[in-house]
Q: 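This structure is in structure tokens; I'll ask about it shortly.
In what follows, chains are A, B, ... by sequence order, proteins preceding strands, each numbered from 1.
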2 protein chains.
Amino acid sequence: MIYFDNAATSFFKPEQVKTAVSNAINKYTANPGRSGHELSIRTADIVFEVREKVKDFFNAKNYNVVFTKNCTEALNLAIFGTLKAGDHVITTCYEHNSILRPLEYLKTQGVEVSTLFVDVENLPSEIENHIKENTKMIITTACSNVTGDCPDLNAIGKIAKEHNILFLVDGAQSSGHILIDLENSNIDMYAFAGHKGLLAISGVGGLVIKNGIKLKPILFGGTGTESENLTQPTDIPEGLEAGTIPTIPIISLGAGIDFLSKNFLKIIKIEQNLTKYLINKAKKLKFLKIYSLDTAKNVFSFNVKDLDSSLVANVLNEQFKICVRAGLHCAPLVHKKLGTTIQGAVRVSLDFFNTYDEIDKLIYALTQIDKMS
Amino acid sequence: MIYFDNAATSFFKPEQVKTAVSNAINKYTANPGRSGHELSIRTADIVFEVREKVKDFFNAKNYNVVFTKNCTEALNLAIFGTLKAGDHVITTCYEHNSILRPLEYLKTQGVEVSTLFVDVENLPSEIENHIKENTKMIITTACSNVTGDCPDLNAIGKIAKEHNILFLVDGAQSSGHILIDLENSNIDMYAFAGHKGLLAISGVGGLVIKNGIKLKPILFGGTGTESENLTQPTDIPEGLEAGTIPTIPIISLGAGIDFLSKNFLKIIKIEQNLTKYLINKAKKLKFLKIYSLDTAKNVFSFNVKDLDSSLVANVLNEQFKICVRAGLHCAPLVHKKLGTTIQGAVRVSLDFFNTYDEIDKLIYALTQIDKMS
């Protein structure tokens, strides 16, 4: 089985992550931040360590980390926690439904949204052109989950800072695949998923929030703080983490980050070489319609002539044991831009566990599909 | 180390749960419900099986299960998903902040709340007395997380049904400890935590929802369905589970339920005998102020004379290696009723892994604390 669906979730987890989970289930199952006994404090300590690891990994010294169940909840927290009627938001056609759907709802509540349909390289200038007096927030992905194309975060962050506008970045696809530097890119809030490039088990994501930013909670409940207060506290992280946090997924995230941190530049290089290899090979197949730029990171999308993307994905799965994803990938507007709303696109998403040989097998399979069709 | 903090989270997990997690990290890390390939479908299949196990366990054939990150999110979904300005809700002083804080917020949005300060045995009649024309929902815990006292769910469910009012039950403490029968108790929505009595790892909870009930989503994002639709779908479960679901915590929940199901009546008997043994022993210690009824389930609260509950918990931890929880346990109103808002209460919460010998050691430790103070 060849696994090319790492943008949905990374299938192969490092041994360190597996070991961390096995150990945690014997040692760290008490509830952190609720009780004062030894087992609870031990768990709270390791959760604190993972928060620090997340901050280090994204160069976010002057930030806080709120753990959520997934990247979607983190984006919802950033968006609903900030925006109110009368605010204006600028976002892009590259975004996932985890941004588009909250914004669509907020449109019904008086929030104004500008969604830019431009090539990724033109985003900074177009964003600047759309800034108005009531622009409260700029939201962009760090890496399209459909095409692998990456906006220039430094350029956008500079614009946001100059205009005193909050800059929220969706790091679902970038985390663990691209060097992210929150301080230097002037990113105010950064949402990540644990189970993709960060190699954790599913059940954890997070929002990295610059110190000083206040957010309205979106979930209300026990925080282990101010228990007598019936109004939800808004301290970070406790007030934004109502209920029991996912300790073991968090610990697996810490192990995933440890694994990546040791050799991150090497890992990035391996992944970029694999992606380049894939793109170069694919470009020689004249029957492919390619949607990713040459500079795409880890994610590569295409169609085989006019064949439905799901059909191609099914044949790859059934006849060639190759796992890819087809359809719209929960990001409908980029398909509108690409003209692939009906056909969808076949998406190959790589991780450094993948090999050149696997890519060769995919290329071979595609030539066979071309012949069959 | 003696662990008596099972109401916060169960520390000891059965071998089946540990094995299920170890296997899952090698086999079930693909994303369920997103892609169409073999590894994704295999994961979707096992998640489906766990949904069915949850339904069986709570006798909820004509219900759906929405997985959440914890019981708090499930309660937020039930409450925010249903109530709107002008609605009236009846709830009790026994509730946790995961109910009280959402309701406190909704009071600012025009929802009317009656909170009943009565003994647990008087709840059904008092609830019926408070029903008004605009009463939309009755919310009660199945088991107080402070005292272990349990309202009569059958009686309340009957009243709710007769008056055509939604009945929401907080099963955080009851699940895995008490026989719960949603169909026969006329419960419309039941929220549970995986990591307590159901013996899963943290990171999963859920809401069991009677067929036909519609809820507004509280989180917006990718659902793997209707991807081209920017409005959040409301189909159950997909529309209410935006983003990647916590597959491995869900699988651990399935294993926990398997373990419990095999011998559930025996397990309940063991736990009830342990609780009775504890209560009988404790009642002989005249220096204890006891807050739980003789019929309390698994949870037992007290204070040592006028000593601060945190002080007692700390001494138990440091000198006797006994883990309990002190303070308000995120349920402030029951302390108002008990007169323990300042002192808090020491809570001992049992699981069937506990032993009579451990209880004897606790009783001995308490007599020593009495002598010291």
Side-chain angles (χ1 to χ4, degrees), chain A residues 1 3 5 8-9 11 13 18 21-22 25 29-31 34-40 69-73 76 96-98 100-102 104-105 193 195 201-203 219-222 227-228 230-232 242-249 310 313-314 317 323-328 330 332 341, chain B residues 1 3 5 8-9 11 13 18 21-22 25 29-31 34-40 69-73 76 96-98 100-102 104-105 193 195 201-203 219-222 227-228 230-232 242-249 310 313-314 317 323-328 330 332 341:
Chain A
M1 186 66 75
Y3 190 77
D5 196 17
T9 187
F11 187 79
K13 309 296 182 189
K18 295 179 190 178
V21 169
S22 303
I25 204 168
T29 48
N31 206 319
R34 290 300 184 270
S35 310
H37 57 71
E38 191 181 320
L39 299 182
S40 173
K69 67 174 175 174
N70 53 25
C71 192
T72 298
E73 186 195 346
N76 274 247
H96 188 272
N97 273 336
S98 51
L100 300 176
R101 284 176 171 170
E104 192 71 12
Y105 173 78
H195 63 101
I201 62 172
S202 55
L219 291 171
F220 299 68
S227 285
E228 71 293 356
L230 295 188
T231 301
Q232 181 72 12
T244 296
I245 59 175
T247 309
I248 291 183
S310 296
N314 286 345
N317 174 51
C323 302
V324 299
R325 186 170 168 196
L328 301 186
C330 298
T341 300
Chain B
M1 186 67 76
Y3 190 77
D5 196 17
T9 186
F11 187 78
K13 310 297 182 186
K18 295 179 189 178
V21 169
S22 303
I25 204 168
T29 48
N31 205 319
R34 290 300 184 268
S35 310
H37 56 73
E38 191 181 318
L39 299 182
S40 172
K69 66 174 176 175
N70 52 27
C71 192
T72 299
E73 186 195 344
N76 275 247
H96 188 273
N97 273 336
S98 52
L100 300 177
R101 284 177 170 170
E104 192 70 12
Y105 174 78
H195 64 101
I201 61 172
S202 55
L219 291 171
F220 298 69
S227 284
E228 70 294 355
L230 296 188
T231 301
Q232 182 71 13
T244 295
I245 59 175
T247 310
I248 291 183
S310 297
N314 286 345
N317 175 51
C323 302
V324 300
R325 186 172 169 194
L328 301 185
C330 297
T341 299

Q: Using every non-hydrogen atom in the two residues, find where His37(A) and Tyr3(B) come nearest and quote the distance to one decimal.
A: CE1-CE1, 3.8 Å
Q: What are the two closest heavy atoms between Arg101(B) and Gly221(A), and how far apart are they?
A: NH1-O, 2.9 Å
Q: Return the set of residues passing side-chain contact (heavy atoms from CB on, under 4.5 Å) with Ala326(B) (not counting sequence neighbours), or none when no residue passes.
A: Ser309(B), Ser310(B), Ala313(B)
Q: Who among Ile245(A), Leu328(A), Asn317(A), Leu100(A) has the most heavy-atom pairs with chain B under 4.5 Å?
A: Asn317(A)
Q: Please rank Thr9(A), Leu39(A), Leu230(A) by heavy-atom pairs under 4.5 Å with chain B and give me the top one.
A: Leu230(A)
Q: What part of Cys71(A) gets closer than 4.5 Å to chain B, counting heavy atoms only: side chain, backbone, both or neither?
A: neither
Q: Say whether, by atom type as modelled, one donor and one acceptor occur between the side chain of Thr247(A) and the main chain of Ser202(B) under 3.5 angstrom.
A: no
Q: Surrounding CZ of Phe11(B) (heavy atoms of other residues, nucleotides or ligands, distance under 6.0 Å), is the total greater than 12?
A: yes
Q: Within the distance-only criterion (no hydrogens, no angle test), does the side chain of Asn70(B) pair as donor or acceptor with the backbone N or O of Thr244(A) below 3.5 angstrom?
A: yes
Q: Of all residues at least two apart in sequence or in a different chain, which pass the side-chain contact (heavy atoms from CB on, under 4.5 Å) check with Ser22(B)?
A: Ser22(A)
Q: Taking every heavy-atom pair that is under 4.5 Å apart, which of Gly203(B), Gly36(B), Ser98(B), Cys323(B) has the most such pairs with chain A?
A: Cys323(B)
Q: Can you tell me which portion of Asn31(B) sits under 4.5 Å from chain A's heavy atoms? Options are side chain, backbone, both or neither.
A: both
Q: Among Asp5(A), Asn314(A), Ile248(A), which residue forms the greatest number of heavy-atom pairs with chain B at distances under 4.5 Å?
A: Asp5(A)
Q: Starting at OG1 of Thr72(A), measure out to CG of Leu219(B) and round the result to the nearest 0.5 Å.
A: 8.5 Å
Q: Which region of Lys18(A), side chain (C-beta onward) or backbone (N, CA, C, O), has a non-hydrogen atom less than 4.5 Å from a non-hydrogen atom of chain B, or is it both or neither?
A: both
Q: Do you know the tightest heavy-atom contact between Pro332(B) and Ser227(A)?
A: CG-O, 3.2 Å
Q: Identify which of Lys13(B), His96(B), Glu38(B) forms the greatest number of heavy-atom pairs closer than 4.5 Å to chain A.
A: Glu38(B)
